[in-house]
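One structure below.
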Amino acid sequence: AGSLEEDTGNVYLLLEGACGSCASSTVTMKMGIERVLREKFGEALGEVLQVDPDAGEDGEGASDGLTMESVQAEVNRISQAIVAMGGVVRVVNVDPIGEVEIEYRGPNRVKKGLELALLDVEYVKHVKFVS
């Protein structure tokens, strides 16, 4: 089960049954499902991301811990360092399925550090940089 974001080609999968609770589900998704989708759709396919299995059908389950406030708190925690290294950052959107949209200008090495810091926030599955 899952959904498709048509403008980016991103596919969001909710692994069900034994797959949803299996520790190897990420490997299964990357090595199996994503490979087959890439063979079929090529460059039209964006990223293949796993959705929190505890989320309800409307995605609301994932929002229990992921809020704009929790993401903004992390950005605020590291914003002084980002600015000192020549970066500017703004949180644009936080999606209940775990995607965070960030507007960022600055050095790529700082951008990568920002992405890693945000992925450490509970429930964040993907960081999308927008302009």
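Just so you know, these numbers come straight off a predicted model, no measurement behind them. Counting begins at 1 with the first residue of the sequence.
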Please say yes or no: joined through hydrophobic side-chain contacts below 4.5 Å, possibly via intermediate residues, are Y104 and V92 part of one cluster? no
(Q) A quick test of your reading: do over 12 heavy atoms of other residues, nucleotides or ligands sit less than 6.0 Å from CD of E39? (A) yes
d(L118 CG, E74 CD) to nearest 0.5 Å is 6.5 Å
Any side-chain heavy-atom pair from V88 and V83 closer than 4.5 angstrom?
no
One should read off an interatomic distance between I97 CD1 and Y123 OH, to the nearest 0.5 angstrom, of 15.5 Å
When every non-hydrogen atom of E34 is compared with those of L45, the smallest separation belongs to O-CD2, 4.2 Å
In this structure, CG of L66 is separated from CD of E69 (nearest 0.5 Å) by 10.0 Å
| said: Would you say CZ of R38 has more than 12 non-hydrogen atoms from neighbouring residues, nucleotides or ligands within 6.0 angstrom? | reply: yes
So CD1 of I78 and CE of M85: to nearest 0.5 Å the spacing works out to 8.5 Å
Note: P107 and G86 closest approach over all heavy atoms is CD-O, 3.7 Å
Would you call Y12 and E99 a side-chain contact if the rule is heavy atoms closer than 4.5 Å? yes
Exactly one candidate in V121, V94, V100 meets side-chain contact (heavy atoms from CB on, under 4.5 Å) with S70; the answer is V121
The reported gap from CD1 in I102 to CG in L114 (rounded to nearest 0.5 angstrom) is 6.0 Å
Would E115 and K111 count as a salt bridge (charged side-chain N to carboxylate O under 4.0 Å, His left out) here? Give the steps. CA-CA 6 Å; E115 179 181 17; K111 180 179 179 180; over 6 Å; no
Examine distances only and state if a side-chain atom of N10 and a backbone atom of E47 form a donor-acceptor pair shorter than 3.5 Å. yes
To the nearest 0.5 Å, atom CG of D95 lies from atom NZ of K128 at 9.5 Å
